[in-house]
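The structure appears below as structure tokens.
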Amino acid sequence: MTAIGRRHLDTARRVTSGRSASTVYGGHEHVLRQTVIALAAGQELNEHLNPGEATVLVLTGRIRLATQADRWDGRDGDLLVVPPGLYSVMATEDSVVLLTVAKTDRLHQRPDAGSAVREMLEPKEEGDLPVSGSDLDETAAPALSEKS
């Protein structure tokens, strides 16, 4: 995780968006998804809707998780729980976080285990690749650290 975070932070510092990310586990077809996100100082993930349960683990740096009603500051090692509804994340210094999301709205859509394994082993069309990469999920972390 450290190497992935360092690589994404190097990229975030170079690109105009000031951010870089990749899914390290799960994806659109799973309930659980974990994404490493690097944000250069001052950059923000604009408001997203939390689709279920989510946490933000601050790997390095300092961030602010905010809703319309509250905000929480996190730093190295802090775990922030994303409340239901809309939230945003801003890096108050160069930061890397691990966003973990359980999309509870997808629980009823899960295929049985056998078909899930078959889907992973059999490409739908020639050249299909598994879902991963730099897309940020439309999700993300009520906070375990102190409110600011």
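The shown structure was predicted, so the numbers you read here are calculated from the model rather than taken from an experiment.
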>> Quick check: do His8 and Val96 have side-chain heavy atoms less than 4.5 Å from each other?
In response: no
> Atom CG in Leu9, atom OG in Ser95: separation rounded to 0.5 Å?
Replying inline: 8.0 Å
> Under 4.5 Å between any side-chain heavy atoms of Val89 and Val97, yes or no?
Replying inline: no
>> I'd like to check the side-chain hydrogen bond (donor to acceptor under 3.5 Å, both in side chains) partners of Arg13; sequence neighbours left out, ordered by chain and number.
In response: Asp94
>> Measuring from atom CG of Leu99 to atom CG of Leu80, what distance do you get when rounded to the nearest 0.5 angstrom?
In response: 11.0 Å
>> Any side-chain to backbone donor/acceptor pair from Asp76 onto Gly61? Under 3.5 Å, distance only.
In response: yes
> Would you say the side chain of Glu93 lies within less than 4.5 Å of the side chain of Arg75, judging by non-hydrogen atoms?
Replying inline: no
>> A side-chain contact here means heavy atoms from C-beta on lying under 4.5 Å apart; do Arg62 and Asp73 qualify?
In response: no
> Any idea which heavy atoms bring Leu65 and Pro83 closest together, and the distance?
Replying inline: CD2-CD, 4.3 Å
> Could you give the distance from OG1 (Thr100) to CZ (Arg33), rounded to the nearest 0.5 Å?
Replying inline: 11.5 Å
> So which heavy atom on Leu45 is nearest to which on His48, and how close?
Replying inline: CB-CE1, 4.1 Å
> How many angstroms lie between CG in Leu86 and CD in Glu47, if you round to the nearest 0.5 Å?
Replying inline: 4.5 Å
> So which heavy atom on Lys103 is nearest to which on Pro51, and how close?
Replying inline: CG-CG, 3.8 Å
> Using a side-chain heavy atom cutoff under 4.5 Å and only I, L, V, M, F, W and Y, what cluster partners does Val15 have?
Replying inline: none
> Got a sec, which residues hit side-chain hydrogen bond (donor to acceptor under 3.5 Å, both in side chains) with Glu44, two or more places apart in sequence or on another chain?
Replying inline: Ser88
